[in-house]
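Accompanying notes for the structure given below.
We use all heavy atoms of the structure for the numbers below, so side chains are in, but hydrogens, waters and symmetry mates are not.
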Amino acid sequence: MSLPEIVSRERWRAAREELLRKEEAIARARDVLNAERRRLPMVEVDPEYVFEGGDGKANLLDLFDGRTQLVVHHFMFAPEWEAGCPDCAAFLDQIGHLAHLRARDTSFAVVSRAPFTSILPFKARMGWTLPWYSSYHSDFNRDFEATLVVDDEPVERPGISCFLREHDRVFHTYAVYDRGLDGLGSTASLLDLTALGRAPTGSDRVRYHDEYEE
């Protein structure tokens, strides 16, 4: 393995400042891209999808849990698999405390095609408390392109879909798949995918996760 060159502190600082200028340019470009993402048009979701979760049957509106926005992680877990995708599991391990998303009026849920009876023991094994639902009895994964049909066979791929609700109407605002998930997982990175972005609700002060008011 090739290691970095050893230099003086002065040379390191000069090289670091040069790289910092490039990093700042990327950060500014990312801000512009996030603003453009928030201006994307949205499409109303008409089908009445049925999910199964810890509290039984649910529809897409239920997954919002009363909040305005919803971020769904399409976790690769086909009905015939005994366990979920390791890469998707590593992604979920990076998700922060949901209180910070919820304080921004945004819910997070995991959806897989596997039956809930398969999801439940795997979820327990991983020690996760994240809301996780089965879309086994609906076309949700196919409609939102997390399950593709290739040579008449379903093929799973990881992804994130973002939704916005206005009263009882639900709209699809954004989606990203595969390598597009690289670098995501923090509260800020997930909010940047949504239509409302990091817009504060109430106070924009970050708090300890047990100090937010539900």
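Side-chain atoms of Ser135 and Ser138 form no donor-acceptor pair, as typed in the model, at a separation below 3.5 Å. Using modelled atom types, one finds a donor on one side chain and an acceptor on the other under 3.5 Å when comparing Tyr49 with Asp143. Ser134 and Glu52 are not linked by any side-chain donor-acceptor pair at a separation below 3.5 angstrom, with hydrogens and angles left out of the test. In the model, Ser107 has a side-chain atom that pairs as donor or acceptor with a side-chain atom of Arg67 under 3.5 Å. For the residue pair Asp105 / Gln69, no side-chain donor-acceptor distance below 3.5 Å is found, with atom types taken as modelled.
Tyr177 and Ser161 make their closest contact through OH-OG, 4.5 Å (heavy atoms, listed as atom of the first residue, atom of the second, distance). Taking every heavy atom of both residues into account, Arg38 and Leu196 meet most closely at CD-C, 4.1 Å. Closest non-hydrogen pair, Trp132 versus Phe116, comes out as O-CE1, 3.4 Å. Nearest heavy atoms, Met76 versus Arg157: CG-C, 3.6 Å. Listed here is the closest heavy atom pair of Ile119 and Phe77: CA-CE1, 4.1 Å. Considering every non-hydrogen atom in both Ala78 and Ala114, the closest pair reads O-CB, 3.8 Å.
The line from OG1 of Thr68 to CD of Glu166 is 10.0 Å long, rounded to the nearest 0.5 Å. Put simply, SG on Cys162 and NE2 on His172 are 7.0 Å apart, with the number rounded to the nearest 0.5 Å. With rounding to the nearest 0.5 Å, the separation of CG in Leu3 from CD in Glu5 is 12.0 Å. The OG1 atom of Thr187 sits 4.5 Å away from the CG atom of Leu101 when rounded to the nearest 0.5 Å. For the atom pair CG (Leu130) and CH2 (Trp128), the distance works out to 8.0 Å, reported to the nearest 0.5 Å. With values rounded to the nearest 0.5 angstrom, Asn34 atom CG is found 10.5 Å from Arg39 atom CZ.
Of the possible polar contacts, none joining the Arg11 side chain to the Ile6 backbone as a donor-acceptor pair under 3.5 Å is found. With hydrogens and angles ignored, the 3.5 Å screen pairs no side-chain donor or acceptor of Lys123 with any backbone N or O of Ser118. Looking only at distances, no side-chain donor or acceptor of Asp151 sits under 3.5 Å from a matching main-chain atom of Glu153. No side-chain donor-acceptor contact under 3.5 Å links Asp139 to the backbone of Arg142. Put simply, the side chain of Arg165 gets close to the backbone of His167: a donor and an acceptor are under 3.5 Å apart. Under a 3.5 Å cut-off, the side chain of Thr194 and the backbone N or O of Asp192 do not form any donor-acceptor pair.
Cation-pi geometry between Arg113 and Tyr136 is not met: the NZ or CZ atom fails to fall both under 6.0 Å from the ring centre and inside 45° of the normal. Taking the ring centre of Tyr212 as origin, the terminal cationic atom of Arg102 falls outside the region bounded by 6.0 Å and 45° from the ring axis.
Residues Tyr174 and Met42 do not share a hydrophobic cluster, clusters being chains of Ile/Leu/Val/Met/Phe/Trp/Tyr side chains in contact below 4.5 Å. Hydrophobic clustering, with ILVMFWY side chains joined whenever heavy atoms are under 4.5 angstrom apart, groups Leu40 together with Val176. Hydrophobic cluster membership differs between Leu120 and Leu63, with clusters built from Ile, Leu, Val, Met, Phe, Trp and Tyr side chains linked at under 4.5 angstrom. A chain of hydrophobic side-chain contacts below 4.5 Å, direct or via other Ile, Leu, Val, Met, Phe, Trp or Tyr residues, connects Leu70 to Val45. Both Phe75 and Leu190 belong to a single network of hydrophobic side chains, linked directly or stepwise wherever heavy atoms of I, L, V, M, F, W or Y lie under 4.5 Å apart.
Leu92 places a side-chain heavy atom less than 4.5 Å from the side chain of Val110. With contacts defined as side-chain heavy-atom distances shorter than 4.5 Å, the pair Val71/Leu193 does not qualify. For the pair Pro158 and Asp87, the minimum side-chain heavy-atom distance is 4.5 Å or more. Counting only heavy atoms from C-beta outward, the side chains of Asp62 and Tyr133 never approach each other to under 4.5 Å. The shortest side-chain heavy-atom distance between Val111 and Asn141 falls under the 4.5 Å cut-off. Contact annotation: the side chain of Val72 never approaches that of Ile160 to less than 4.5 Å [non-hydrogen atoms, C-beta and beyond].
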Practice item. Evaluate the criterion side-chain contact (heavy atoms from CB on, under 4.5 Å) for residue pair Thr147 and Val155; output intermediate values, then yes/no. Key: CA-CA 5 Å; Thr147 300; Val155 176; over 6 Å; no

Practice item. Assess whether side-chain contact (heavy atoms from CB on, under 4.5 Å) is satisfied between Glu48 and Asn59, documenting all intermediate values. Key: CA-CA 7 Å; Glu48 187 68 19; Asn59 59 27; 3.2 Å; yes

Check your understanding: Which is it for Thr106 and Leu191 under the side-chain contact (heavy atoms from CB on, under 4.5 Å) test, yes or no, and what are the steps along the way?
Key -> CA-CA 8 Å; Thr106 303; Leu191 287 173; 3.7 Å; yes

Review point. For Arg198 and Arg104, what are the C-alpha separation, side-chain angles and deciding distance, and is it a side-chain contact (heavy atoms from CB on, under 4.5 Å)?
Key: CA-CA 7 Å; Arg198 304 186 196 184; Arg104 294 298 183 270; 5.7 Å; no

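By the neighbour-count criterion of 12 heavy atoms within 6.0 Å, atom CD of Glu24 is densely surrounded, having more than that number from other residues, nucleotides or ligands. Taking a 6.0 Å sphere around CD of Glu23, one finds it holds more than 12 heavy atoms contributed by other residues, nucleotides or ligands. More than 12 non-hydrogen atoms from other residues, nucleotides or ligands lie less than 6.0 angstrom from CG of Leu19. Sparse packing is recorded around CG of Asp55, with 12 or fewer heavy atoms of other residues, nucleotides or ligands lying under 6.0 Å away. Counting non-hydrogen atoms of other residues, nucleotides and ligands closer than 6.0 Å to CZ of Arg16 gives a total above 12.
Between Asp31 and Arg28, none of the side-chain N atoms (NZ, or NE/NH1/NH2) sits under 4.0 Å from a carboxylate O, so this pair counts as no salt bridge.
Aromatic ring centres of His74 and Phe140: separated by under 6.0 Å. Taking the six-membered ring for Trp and the full ring otherwise, Phe163 and Phe171 have centroids separated by 6.0 Å or more.
Using the six-membered ring where Trp is involved, His73 and Phe108 have ring planes that are parallel, under 30° apart on the 30 and 60° scheme.
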